Amino acid sequence: MTDRPAQHSAPPSVRRVLTLLVAACIVPIVLVLAVLIINFYRQEEARLVENTLNHARHVSAAADREVRSTQLALQVLASSYLLHERDLRTFHARISAVVDKLHVDSILLLDLDGRILLSTLRPYGSALPQLTDRPLLQRTRSTAMPGVSGIFTGPLVGQPIVTIAVPVIENGKVVMSLNATVTPATLQPLLFEQKFPESWRAGIVDQQFRIITRSHDMARLAGQQLPAELRQPLSRERESAFDSYTLEGKRSLFVYHRSPQTGWTAILGIPHDELTAPLQRSLFWLITLSVIALALGSTCALWLARRVTRSIQALIAPALAVGQAVPLPLPRLYFSEARELGQALQIAARDLQRARADSSESEQRLALAARAAHLGIWTRDLRQQQIWVSQAWRELFGFNAEQPITLDDLLARVHPADRQHVQRTLDSTLYGATRYDMEFRIELASGCQRWISSHGSVEFDRHQRPTLVRGVSLDITSRKQAELDLQQKQKEVTHLARVAMLGELSGALAHELNQPLTAILSNAQAAQRFLGQPAPDLAEVQEILNDIASEDQRAGAIIARLRSLFGKHDAQRQRISAQSLIDSVQHLISNDLIHQRLTLRTELCKETLTLEADPVQLQQVLLNLLMNACDAQSQQIEHSNLIVLRSARVGQTLQLSISDSGGGIPAEALEQIFTPFYTTKARGMGLGLSICRSIVDAHGGRLWAENNSHGGATFHLRLPLAEAAQP
Ligand code: ADP
């Protein structure tokens, strides 16, 4: 049987396993690092937003401070007596002198109708325009409180400005408004004080989200309203952060703070890439380092895998050499387990070499013994239906050296008469037989016949299924021939014994009967003489006839005595078992059975039954009965080939019954067949059964015949059992 490996998908290589191991170690670390970095980035972003919001608050507070200080200065000027006295010329000169110190671009005085009464930007008395749109003036007038405007284009300067206004109050009433104008450029330093990075965008917008001042591109953008996408988030809360695009179109994070005092909003925009740059840098390094670590790990794994693979592959040759039992020198091995395995393989190879040497020696011995004993050895694999045979077996059965042997080849060699029996015996190994012994004939190509004795022993697997039959076959032709010769001789001896016995019997009869017969003859002659006379003496004749009758009775007694003597003659009584008696008879008759293609089935009593008898005489009785059964069987044209020998205990006797399926015995002859010289056979003597009955009678037993209901006859033989041996 060949062991085929189970069909599984190919397992991964060592290289792949180690690379996966490296990846399995590195990937989770990388993932944890990524989560940590992103978390850190989120916290940094929140911190940055908070910081930036502080910057926006500072800008807003600085603008508030600036406005408040300007308002204070304007309030001081507005309370000047020069205004009460309407000495506007001197007032003009005064404010022109301080305008630079107030960090404003101009100061101007308005009446309540929006007329510009004087401006530090124009010499006193110059014609000045009137304001058309005057929301701040109206507010100042109605609230009598200082205020600031949004950005608008100044009528005098023609560029964007914001105005800071304080009311001029006389007798509790607002009579004029003193205003200071501030250009975006003047407010710009407020943004730079915080020292923002160059990339950041900072600005202040008014209540309508028009740009009052801006850190970049201010000249172009001052006075312009912010686009809707910026206005919307700005209008929601007083301070917050949101993502949007700067006016330059750069994606940025915006933070803003609106002053409740002025309504102006300080806004800071930080470019997004600047915000995410540290994260991106970290991620970049993380990925780079991970890739490097993976590459290094994989290289290392590949290097290790190559060493492991080389070590394992280097062991293939020594492993194969184990099968040939040749220990190979170990190659260079890179790890201790491989070295241990290599050493184990070397030991295994050495052990195998030793075992092979031992086994080859015992095989040689066995082959020698098998040859000497003409033993053919064979093995039959019941699963693979393969047969292995030794050379001696091939010679025995006449097969060539290389010819494969099948069961059919073997059966074809078996003698047709024995083939069915051989086939049945071989089949019995498939159905639970554990061993068998059989004898059969084979016919060789040369035409000569050989007697074979074959012994097989069945091997089973762990499920008790037969797997293998091993056995030996032996040439027993000469033994068989000797047995046949012996049986022939035995038959001849039996025949001669019968003839001799007949001779003896007739001699004895002649001798013993001579006297009464002579007496009968002389008496008969005397009677003839008496009756020949003219007046015969009938009384004398009556006496002579009485003498004849008594002589005749004497002759009968002589015959009976001789028969009884014959029965006991030379009886050698000894203790024998019924089994050994039956075995010996079976053995003696076996060849006759084979020749006549008959089968003897025995149905024997399990108990050991012992007789006190002459074994040779009883063998003779049983042989006679069995041979008669064979004769009866073979005279039938269509006969069954079965003869049954049964043994049983009946009280204190052993009963042996031999049943055949021959023609049976006519009812009127059932007793007659036991009389001497009764025969229906052409070459029969008709003495067998009569002698058998004499022998059985002499043993204190009984022999009788009856016809079977289904055809054939049964001879019953009952013999007393020996008394139990004395202790
Ligand atoms: P022989 O065998 O020489 O004839 P036996 O005394 O053994 O002498 O047998 C006498 C006769 O009994 C046989 O010729 C046969 O007719 C008959 N006989 C014996 N055994 C059987 C039997 N088994 N079946 C039928 N007839 C039998």
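Computation of the quantities below employed the complete heavy-atom set of this structure, encompassing side-chain atoms and omitting hydrogens, waters and symmetry-equivalent molecules. Each ligand, and each atom within it, is numbered from 1 in the order the structure gives. Because the structure is predicted, anything quoted here is derived from the model rather than measured.
- Remark: of the listed residues E706, H716, E603, R646, H716 is the sole one forming a side-chain hydrogen bond (donor to acceptor under 3.5 Å, both in side chains) with S657.
- L396 and R450 make their closest contact through O-NH1, 2.6 Å (heavy atoms, listed as atom of the first residue, atom of the second, distance).
- Checked by distance only, ligand 1 and G686 come closer than 3.5 Å through their nitrogen or oxygen atoms.
- At a cut-off of 3.5 Å, with distance as the only test, a side-chain donor of T406 or D409 sits close to an acceptor on the other residue.
- When each atom of ligand 1 is checked for a heavy atom of T680 under 4.0 Å away, the hits are 13 (C), 14 (O), 15 (C), 16 (O).
- Heavy atoms of F674 come nearer than 4.0 angstrom to ligand 1 in no pair at all.
- When I673, L689, T679 are ranked by how near their heavy atoms come to atom 19 (C) of ligand 1, first place goes to L689.
- The two residues K681 and D631 have their closest heavy-atom pair at NZ-OD2, 3.2 Å.
- Defined by atom type and a distance below 3.5 Å, a donor-acceptor pair is present between the side-chain atoms of S453 and H455.
- Contact between G662 and ligand 1 is absent, with no heavy atom of the residue lying under 4.0 Å from the ligand.
- With a 4.0 Å heavy-atom cut-off, ligand 1 is reached by the side chain of D660 but not by its N, CA, C or O.
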